[in-house]
Amino acid sequence: MDAHKHQKIIIFSAPSGSGKTTIVRHLLTQYPDRLGFSISACTRSQRPNEIDGKDYYFLTPEAFRTKIQEEAFVEWEEVYENSFYGTLKAEVERIWAQGKAVLFDVDVKGGISLKNYFGAQALSIFVKVPSVEVLAARLQERNTDSAESLQKRIDKFTYELGFADNFDKVIINEHLDQMLEEVSQLVVDFLNQ
Ligand code: 5GP
């Protein structure tokens, strides 16, 4: 991909339940002219409230495989068993062409891959919950998971926490408003560099 120094990307990675989606939405509302959200391709089925081409590009496993062969992805991962997610090079180009920095919400491995790919053009931020107990309480409150799925997410959380040191910044989501302010400052500083 033909990347220029002034073309930037900002990556948010975190275990689920840590609040990264809230951060990404907040930033997009705050800086609509400076940031564009990278819409990933994925093979999981579309949820009723989701729009194809807005939340994700929903692809069949065959179409996804073809894209891999065409080297159309910057990175892709099997985030959950049989569910593939990936960032299309064309998507990054689309947002840069609008003169905006690209905002990513990806899993932890994807975040590390993107940072490796874009180097100094990228700011990678790991969002941490204060403790596994807080995470478990938040997920229970959200009430979208079965007991088994909850345990899976908690196990994944513990595993992913080990990768925090691979990120440029680690943010702890304890007090939401305070954290959003902290993140905005980081992002603005990076964009103004
Ligand atoms: P969900 O299915 O709940 O929308 O997303 C599941 C996970 O996939 C989230 O952790 C999300 O950050 C991650 N994800 C979404 N898009 C991508 C992508 O393009 N690459 C990678 N590696 N992970 C992604």
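Both backbone and side-chain heavy atoms feed into the values below; hydrogens, waters and symmetry mates do not. Along the sequence shown, the residues carry numbers beginning at 1. Note that ligands are numbered from 1 as they come in the structure, with each ligand's atoms numbered from 1 the same way. Since we're looking at a predicted model, the values are computed, not measured.
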Exercise for review: Kindly state whether the ring of Phe163 and the ring of Phe167 have centres lying under 6.0 angstrom apart.
Suggested key: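 Between Phe163 and Phe167, the centre distance exceeds or equals 6.0 Å.
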Practice item. Return the protein residues near ligand 1 (heavy atom under 4.0 Å from any of its atoms), ordered by chain and residue number. Key: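 Residue list for ligand 1: Lys20, Ser40, Arg44, Arg47, Tyr56, Glu75, Glu77, Val79, Tyr80, Tyr85, Gly86, Thr87, Asp105, Val106, Asp107, Gly110.
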Practice item. Go through Gln193 and Asp189 one step at a time and tell me if the side-chain hydrogen bond (donor to acceptor under 3.5 Å, both in side chains) criterion holds. Key: CA-CA 6 Å; Gln193 261 173 31; Asp189 288 349; over 6 Å; no
Check your understanding: How about Glu71: does its CD atom have over 12 heavy atoms from other parts shown lying under 6.0 Å from it?
Key -> no
Exercise for review: Would you list the pairs meeting ring-ring contact (aromatic ring centres under 6.0 Å, His included) in which at least one residue belongs to residues 49-69, sequence neighbours left out?
Suggested key: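 Non-adjacent pairs meeting ring-ring contact (aromatic ring centres under 6.0 Å, His included): Tyr56-Phe58, Tyr56-Tyr85, Phe64-Phe73, Phe64-Phe84.
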Point to revise | Pair Arg44-Glu50, salt bridge (Lys or Arg N to Asp or Glu O under 4.0 Å): steps then yes or no | key: CA-CA 12 Å; Arg44 77 152 164 74; Glu50 288 178 328; 2.8 Å; yes
Check your understanding: Are the side chain of Lys20 and the backbone N or O of Asp107 linked by a donor-acceptor pair below 3.5 Å?
Key -> no
